[in-house]
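Have a look at the structure below, then the notes.
Every value quoted in this text rests on a predicted model; they were computed, and no experiment measured them. In what follows, every chain begins at residue 1, and chains take the letters A, B, ... in the order their sequences are listed.
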Amino acid sequence: MDWGALHTILGGVNKHSTSIGKIWLTVLFIFRIMILVVAAERVWGDEQDDFVCNTLQPGCRNVCYDHFFPISHIRLWALQLIFVSTPALLVAMHVAYRKHEKKRQFRKGDQKCEYKDIEEIRKQRFRIEGSLWWTYTGSIFFRLIFEAVFMYAFYFMYDGFRMPRLMKCNAWPCPNTVDCFVSRPTEKTVFTIFMIAVSSICILLNVAELCYLLTKFFLRRSKKAGNSKQQHNHENKEETKQNEMNELISDSCQNTVIGFTS
Amino acid sequence: MDWGTLQAVLGGVNKHSTSIGKIWLTVLFIFRIMILVVAAERVWGDEQQDFVCNTLQPGCRNVCYDHFFPISHIRLWALQLIFVSTPALLVAMHVAYTRHEKKRRFRNGEKIDIEELKNEKLHIRGPLWWTYTSSIFFRIIFEAVFMYVFYYMYDGYQMPRLVKCEAWPCPNTVDCFVSRPTEKTTFTIFMLAVSGICMMLNLAELCYLVIKICMKESRKTT
């Protein structure tokens, strides 16, 4: 279970996202997870080995490192990325539940069910309406909360986003005050600022998606108020008929856009 | 999520590229990303451990290393490769949008063959031409910016054997010796040369697209 497995899981959710959601997912995987794996992990790789203190006192270096770095940046980012990705699974579960219900209807031989076989139900792409809208919007809301909480935790824990070259430590057993030098502080500051910037872009994308969904919801409501019940049923049947073709078409879009396979 | 996944993502874009674009993508993956992963990362692997300073002063080595190598070459190349690859996704998004529009027209009753739509290779015309051309333009800009950043940060492309350091807490001036300077210089020049080739390919592709559109316009008017 690694970042690749997360990529596979979230790729499945991608099918049911809005366009902004797909852009957010691309930014998450290419500019955050990939940067973390190919670059940032190497920068922080030797953070404790090359944390040097100007003392021969045994244990002082360990204690000072632990005092100044309670949780390493890398681990905080990994946690942030996992927490931020996870609300999308709520959407995946909701979609799975709907498909399960439709399969149950189909198996019972319900005449209301419009599908010709189980394969169609499995491949169907649901539109973001009704209860799925609430789940999707809730997941975006949680994403925003998690991003903000982790950015604040970073700021609070490390007193800003800059990595200092020198830290003065007087934790026991260090004698008096000892100078300790951090490994690669400039490179670490650059990557911290980069990751913060991309987090902010992701927050903006999530806010934009939330606004888009709210606008769509209110527009649909005002349209519904003007429509008759009969016309609504007729539209539903047309939609499900057109849904038969959606998988073929959306597959072609999937492969072109970001190569996520469900 | 690693270079292999990036390859999978960009592979999809390849279908809608010109021939020069396909060559560019091959050069990118084989001569840059692969060289970075199988060779360059090992050369720079021990860069801080084997950065040795002629002093016993604790902290001096750390500070001198940080002063002379604010961002390691390897990380700069990784960022360069990611930024240079990303404009291709603009093209992918445009293609996806065009297909979505065709799907919408199909739903509204127009006769379009669905199988053809799935496998269709879109020609680089109209608004797609503009998206494709601007993605090449951004690629060239990113390549140039990173090449300049390299030159500015490291005062040229040669890795010196010896650097003289006076940053606190080093006493007076201290000699520090870089690990594998010749091998690093070789790889820096190689990566620079391949960047140059990629820029040439991008410029050639840009010229090809511009000429193609000008010829099409002149044919339309005659």
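- Residue contact with chain A, scored on non-hydrogen atoms closer than 4.5 Å, involves the side chain of Thr86(B) exclusively.
- Listed by first and then second residue, the disulfide bond (SG atoms under 2.5 Å apart) pairs involving residues 55-94 of chain B are Cys60(B)-Cys170(B), Cys64(B)-Cys165(B) (not counting sequence neighbours).
- On the SG-SG cut-off of under 2.5 Å, Cys180(A) and Cys53(A) qualify.
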### Task
Determine, stepwise, if the pair Phe51(B) / Phe177(B) fulfils ring pair (Phe, Tyr, Trp, His ring centres under 6.0 Å).
CA-CA 6 Å; Phe51(B) 181 78; Phe177(B) 300 88; 9.0 Å; no

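- When each of His94(B), Glu41(B), Arg61(B) is checked for heavy-atom pairs under 4.5 Å with chain A, Glu41(B) comes out on top.
- Heavy atoms closer than 4.5 Å to chain A are found in the side chain of Glu47(B), but not in its backbone.
- The distance between the ring centers of Phe150(B) and Trp77(B) falls below 6.0 angstrom.
- Interface remark: His67(B) contributes backbone and side-chain atoms alike to the contact with chain A (heavy atom separation under 4.5 Å).
- Using a 4.5 Å cut-off between heavy atoms, Ile82(B) contacts chain A through its side chain alone, with no backbone atom that close.
- Residue with the most contacts toward chain B among Asp50(A), Thr189(A), Val190(A), Asp49(A): Asp50(A) (heavy-atom pairs, distance under 4.5 Å).
- At a 4.5 Å heavy-atom cutoff, Leu6(A) makes no contact with chain B through either its backbone or its side chain.
- Centroid-to-centroid, the aromatic rings of Tyr132(B) and His16(B) stay 6.0 Å apart or farther.
- Here Asn54(A) is the residue among Ile35(A), Asn54(A), Asp46(A) with the most heavy-atom pairs under 4.5 Å with chain B.
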### Message
Run the ring pair (Phe, Tyr, Trp, His ring centres under 6.0 Å) test on Tyr157(B) and Phe187(B) for me, step by step, so that the C-alpha distance in whole Å, both residues' side-chain angles and the decisive distance to 0.1 Å come before the verdict.
### Response
CA-CA 10 Å; Tyr157(B) 298 113; Phe187(B) 274 95; over 10 Å; no

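- Looking at Arg165(A), only its side chain comes within 4.5 Å of chain B, counting heavy atoms on both sides.
- Ser183(A) contributes no side-chain N or O that, together with a main-chain N or O of Glu47(A), makes up a donor-acceptor pair within less than 3.5 Å.
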